[in-house]
Amino acid sequence: MTESAKPLDDLLDLLDLERIEQDIFRGESRSAIVPRVFGGQVAAQALVAAGRTVPEDRHAHSLHAYFLRPGDPGAPIVYTVDRIRDGRSFTTRRVVAVQHGHPIFHLSASFQTYEEGLEHQADMPPAPAPQTLPTAAELLPRYADRFVHPDTVDRFLEARGAVDLRYVEEPPFGTAGTAREPRSQVWFRTNGKLADDPLLHVCLATYVSDMTLLDSVLLAHGRGGWAVGDVVGASLDHAMWFHRPFRADEWLLYDQESPSSSGGRGLGQARIYTQDGRLAISVIQEGVVRVPRG
């Protein structure tokens, strides 16, 4: 195993849940950039659990989830799958993630057999080629003096080591103090090739989708985020629709915007496109976004 491949291998191990009963699975956890379980990890693991109870010819087409409590990175997570429905075309599963006897996350996912249908999509917006943009290792050290904690750059690079994520424009922590249009774009792909299992690619995209979706909320108000210390927050709910096949180990454009923030909450919505312009995924998330009290 090469050093560059190890973070992706570690993430794949994290998603390879242990089956402890027919519809009960156990997943390990690990610290995220903040001192709780990363929401994208819980969502991806829950989708793995759901997918392992579904016939292979049925692929995930949507998920809707709520983050109920912060996860403890020092404890395993138990995922219980409820087989809600097995129809002729669609299969529905509900998953509850539990730690220390309490639910921390709830997910409903729907799977469908392949069928032909009407086709149209929104056009892919313009964006520079990902190869022209700086890598995280090149970009993040530029902002080291803006972060509250001196090890933030290392924590970012470790937490995102499995993913090559490149900002099209400066991230929120790069322009803190100056309000911008509430739109942001990133390109991403895994740092290594994946197997051909469609569920794996969907789960990896789910994992990444929680990394930057609320950035556009921060941009609208000139906030830099938790790393700068000018907001506190957490994901509240998350929804995804998987429209067309894609590979998470090939470049995907994550085009994000925020139509609203109010009441201590911010809403992010996004579309994810393949590099050749196919609309692969739609995403919506609401999160707590609060200004710290002095």
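Any value given below was found using the heavy atoms of this structure, including those in side chains, with hydrogens, waters and symmetry copies removed. We number each residue from 1, following the sequence as shown.
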Q: Of all the heavy-atom pairs spanning Ile272 and Tyr254, show the shortest one and how long it is.
A: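 Distance-wise, the nearest heavy atoms are CG1-CD1, 3.4 Å.
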
Q: Could I get the full list of side-chain hydrogen bond (donor to acceptor under 3.5 Å, both in side chains) partners for Asp16, not counting sequence neighbours?
A: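 Counting only residues at least two positions away or on another chain, Asp16 forms a side-chain hydrogen bond (donor to acceptor under 3.5 Å, both in side chains) with Arg52.
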
Q: Spell out, yes or no, whether Trp251 and Tyr167 are grouped together once hydrophobic residues are joined by side-chain heavy atoms under 4.5 Å, including indirect joins.
A: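 Different hydrophobic clusters.
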
Q: Using only atom types and a distance under 3.5 Å, with no angle test, would you say the side chain of Glu138 pairs donor to acceptor with the backbone of Thr135?
A: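 Yes; at least one donor-acceptor contact below 3.5 Å.
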
Q: Taking the six-membered ring for Trp, are Tyr66 and His238 closer than 6.0 Å centroid to centroid?
A: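 Between His238 and Tyr66, which both carry aromatic rings, the centre distance is not below 6.0 Å.
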
Q: Can you run down the salt bridge (Lys or Arg N to Asp or Glu O under 4.0 Å) pairs that involve residues 176-190, sequence neighbours left out, and say none if there aren't any?
A: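 Those involving residues 176-190 are Glu169-Arg180, Arg183-Asp255, Arg183-Glu257.
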
Q: Which pair of heavy atoms, one from Val231 and one from Gly225, lies closest together, and at what distance?
A: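 The pair with the smallest heavy-atom distance is CG2-CA, 3.4 Å.
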
Q: Can you list the residues that meet the salt bridge (Lys or Arg N to Asp or Glu O under 4.0 Å) rule with Asp57, with sequence neighbours excluded?
A: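 With sequence neighbours excluded, Asp57 shows a salt bridge (Lys or Arg N to Asp or Glu O under 4.0 Å) to no residue whatsoever.
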
Q: Centre-to-centre under 6.0 Å for Tyr207 and Phe38, is that the case here?
A: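 Yes.
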
Q: Would you please name every residue forming a side-chain hydrogen bond (donor to acceptor under 3.5 Å, both in side chains) with Gln112, sequence neighbours left out?
A: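 Scan of Gln112 (side-chain hydrogen bond (donor to acceptor under 3.5 Å, both in side chains), adjacent residues dropped) gives Glu115.
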
Q: With sequence neighbours left out, write down each residue that passes side chain to side chain contact (heavy atoms under 4.5 Å, CB included) with Val288, or none if nothing qualifies.
A: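 If we apply the side chain to side chain contact (heavy atoms under 4.5 Å, CB included) test to Val288, skipping adjacent residues, the hits are Leu236, Arg290.
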
Q: Apply salt bridge (Lys or Arg N to Asp or Glu O under 4.0 Å) to Arg26 and list each qualifying residue two or more places apart in sequence or on a separate chain.
A: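 Partners of Arg26 under the salt bridge (Lys or Arg N to Asp or Glu O under 4.0 Å) test: Glu18.
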
Q: Which pairs, with at least one residue in residues 63-87 and sequence neighbours excluded, count as a salt bridge (Lys or Arg N to Asp or Glu O under 4.0 Å)?
A: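 Applying salt bridge (Lys or Arg N to Asp or Glu O under 4.0 Å) to every pair that reaches into residues 63-87, excluding sequence neighbours, yields Asp23-Arg83, Asp82-Arg94, Asp86-Arg93.
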
Q: Taking ring-ring contact (aromatic ring centres under 6.0 Å, His included) as the definition, give me every residue that meets it alongside His64, ordered by chain and number, with sequence neighbours left out.
A: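 Testing His64 for ring-ring contact (aromatic ring centres under 6.0 Å, His included), a comparison that skips the adjacent residues, returns Trp241.
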
Q: Going by ring pair (Phe, Tyr, Trp, His ring centres under 6.0 Å), name the pairs with one or both residues in residues 105-145, residues two or more places apart or in two chains.
A: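 Qualifying pairs, neighbours excluded: Phe67-Phe105, Tyr143-Phe173.
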
Q: Only counting residues at least two apart or in another chain, list the ones meeting salt bridge (Lys or Arg N to Asp or Glu O under 4.0 Å) with Glu119.
A: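 Once residues adjacent in sequence are excluded, the partners of Glu119 under the salt bridge (Lys or Arg N to Asp or Glu O under 4.0 Å) criterion are Arg244.
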
Q: Please lay out, stage by stage, how Val153 and Leu157 fare under the test side-chain contact (heavy atoms from CB on, under 4.5 Å).
A: CA-CA 6 Å; Val153 171; Leu157 293 176; 4.0 Å; yes

Q: By the salt bridge (Lys or Arg N to Asp or Glu O under 4.0 Å) test, which pairs, at least two apart or in different chains, include something from residues 203-214?
A: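 For residues 203-214: none.
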
Q: Under the salt bridge (Lys or Arg N to Asp or Glu O under 4.0 Å) test, which residues partner Asp196, sequence neighbours left out?
A: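 Per chain and number, Asp196 pairs via salt bridge (Lys or Arg N to Asp or Glu O under 4.0 Å) with Arg247.
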
